[in-house]
S.K.: 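This is the structure I have questions about; it appears just below.
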Amino acid sequence: MAEFTAEVFQNPYLGPGGTDLHAIVTITAQGVEGTSPEAAEIILVDTSGSMTGPALEAAKHAAQVAVDQIADGTWFAIVSGSHVAQRTFPYPNARLAMVPMEPGARAEAKRAISGMRAQGGTAMSTWLALADELFATVPQATRRHAVLLTDGRNESEPRARLSEVVARCAGRFQCDARGVGSHWQVDELREIATALLGTVDLIASPQEIAADFEQLVRASMARGVAAADLRVWTPAGGQVLFVRQVAPTLDDLTYRRTPVDPLTGAYPTGSWADESRDYHVAVRLPSKPVGSEQLGARVQLAVDGEVVVSGLVKALWSDDDALTAPINDEVAHYTGQTELAAVIQEGLAAKAAGDEATATTRLGRAVLLAKETGNDEATSRLRRVVDIEDEELGTVRLRREVDRLDEMALDTGSTKTTRVRR
Amino acid sequence: MSGTRTTRCPGCDEAAPPDARFCEACGAALDPSTAPDPAPAPAPERSVASSTTWTRPPSATCRACGGRVSADGYCDTCGTPTVPPRDHWAESPAPWVAGVCDRGVRHARNEDAMAIAVTGDRAVLVVCDGVSSAPDSDIASLAAATAARDALVDPAGARTSDALVAAAAAAEQAILDHVGDRAQRVDPPSCTFVASVVEGSRATTAWLGDSRAYWVPDGATAVPLTVDDSWVEEMVARGIDRAQAESSSQAHAITRWLGPDSGDHPPRVVEHDLDTPGWLLLCSDGLWNYCPDAATLTDVVRQALAPVDGGPADGGPATPASAAQRLVRWAVEQGGADNITVVLARHDGDTLHCDEVSDDATNEEP
């Protein structure tokens, strides 16, 4: 039996005239595993010409390991992608576009994968469009997940074409995106993963692909709830300033709002395993007299249109500075983590554009924020890109010789947050 | 709602169909059978003549905007929290008698209580104010007010002044019955006491502490009926200059109260003839602290009695219910530093209080 809980962390006290309320809402799902609705899984493997050699062999091995992880009964397909997409399994001439996993299909799929050849360019929109078509043949499978692996940039089509298809696929299936090596574009895969409610990550060397795929598919199989929405209710006269997922990764949901009723908006969160996610919700209310109390927001999770859990964000107006001044620890922590991600991305973009002054100040700020928020992983990734002169002051020098992989690791890792030490 | 011909909301005086359970305008409960019990004290046995009507119904109507209240306790439209029934309630057992008891703004809970009852042209009005320095005094005040009212509704032939003294003793016993072991504390639950019995044109009032009764004749200045049992008044009685006494840090400390450590002082009792039309007002210090002298209080009461502007009773005369509500709202607007209780009874001079024309009056028509 799936159970959901919501915890709210906030300082509800607003000073006289105060309007803006911030809260971290932790939503935890338990008992979700095993309640799985019908699922569908597609592995999208880059087979463009650049993959020739050890990369393709590693990708094929990884796809086979992933096939082993797909549970019996799950609808699945394997797609090889270059400047066009082709269904590798079920075989292109097969009657069914997707088949349910069983031992025979598993063995046959692995055989099909071993016959993949590398050639042509890279147009990822075609891969996603084919996945969307395949998923559409199994409407009974409400939980749909894809893994996309590439080693290069999306060179065979305009960026707008990719964006268009990504937008079309949003809400139809989820996709984790992985880049292997140092020749792919972080922003391209980030766009795919963000819109399709997945994660983006760097796989430094081909030997690591199999372990990553195994973990990704296992995590996908563990998810039980097909699609849940975060709902945010604000009182009449109030407005949502932003809604962000802040843990385990950063994801700004603000502009993915669809209205439920005039006071409530829904934000898609994809499917859930037994896990915990933190959301930072900020709302603006018309100020009320000192002594007033008001519910500032209800932050809820809805599964299949039913609200399963609700967290209450409250506002209490007070003229006592001792109550109104403190910023809640969780809110402060995640505000810092959000800024950390922003300054890392801005710093790396400035560096790529040759603006060393901006890069130095942004990455310096990142060093300071990583220290303040206890994000040691970010600190160690930053150390590979900058020489830290003073961690407390955030003064750094850009390193002259930087491995591109280290910069990409810093970029892709920027949205991974650490939780508050409680 | 015995004794009333028309169904009107005790909270806002909006007219309602006879079978309505909740006021359309403010969401107040209209049917006592749907009213929740006052927490945390156990529900007292209600006198037949009284009608306790909480303005916080268990139903789902927001008092701020009329929206639906969600199961989580907040309005689905404006987010206003529902308040516990004890935090704000109104009673109006007859059209000429009403009271409102409110938490105010600054205090976390309402330690004031009131209990009123009407039988014919006889009214019993009780206000008790829990001593805020003694924890759990909200229990004491509600138990005391209810017990005193019930003792006064049927005094079994005793003289009214004696009945009031007996009612104070009954109230103190009720406190002991309700607070249990808490009676042994250094600061046991305690409260003030002021009770008036209006019989025809005579009001008999008893008190302990600093909750007050005033007679407010139409067109004249209010007459204080009580003298606070407070440090200030004791100093003044000993000849100390009032201004000097009031500047003391313990000026507001009360010297008499009801409770386990009260010392069993009987209340002081006064009788007052209501020889003109006017209003009998009982209140806790949550009101009079904002208008401590009789002249200011008179002005404040006059404003509360002005014809109602806007709303369902636009242009109509003030009723005890609307005036009590306005006085409480006024005190809230002044800052609401303490709990506020206001009880009002209208006296129409020589005629009886009934707002209906009697058969005798009809016969006397020229």
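Just so it is clear: chains get the letters A, B, ... in the order the sequence lines come, proteins before strands, and each one is counted from 1.
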S.K.: Heavy atoms, side chains only, cut-off 4.5 Å: are B:T192 and B:V194 in contact?
M.R.: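 No, their side chains stay 4.5 Å or more apart.
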S.K.: Between atom NE2 of A:H280 and atom CG of A:L253, what is the distance when rounded to the nearest 0.5 Å?
M.R.: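 A:H280 atom NE2 to A:L253 atom CG measures 12.5 Å (nearest 0.5 Å).
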S.K.: Of the listed residues (A:K288, A:E293, A:Q294, A:R298), which shares the most heavy-atom pairs with chain B below a 4.5 Å separation?
M.R.: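 The candidate making the most pairs under 4.5 Å is A:R298.
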S.K.: Just to verify, which of A:F242, A:Y13, A:Y279, A:Y334 counts as forming a ring-ring contact (aromatic ring centres under 6.0 Å, His included) with A:H22?
M.R.: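 Among A:F242, A:Y13, A:Y279, A:Y334, the one that satisfies the ring-ring contact (aromatic ring centres under 6.0 Å, His included) with A:H22 is A:F242.
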S.K.: Check each atom of B:C65 against the heavy atoms of chain A and say whether the ones under 4.5 Å are side chain, backbone, both or neither.
M.R.: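 For B:C65, neither part sits under 4.5 Å from chain A.
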S.K.: Quick check on A:D319 against chain B: is it the side chain, the backbone, both or neither that has a heavy atom closer than 4.5 Å?
M.R.: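 When you check distances to chain B, only side chain atoms of A:D319 fall under 4.5 Å.
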S.K.: Between B:T341 and B:D129, is any pair of side-chain heavy atoms under 4.5 Å apart?
M.R.: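 A side-chain contact is absent here, since even the closest heavy-atom pair is not under 4.5 Å.
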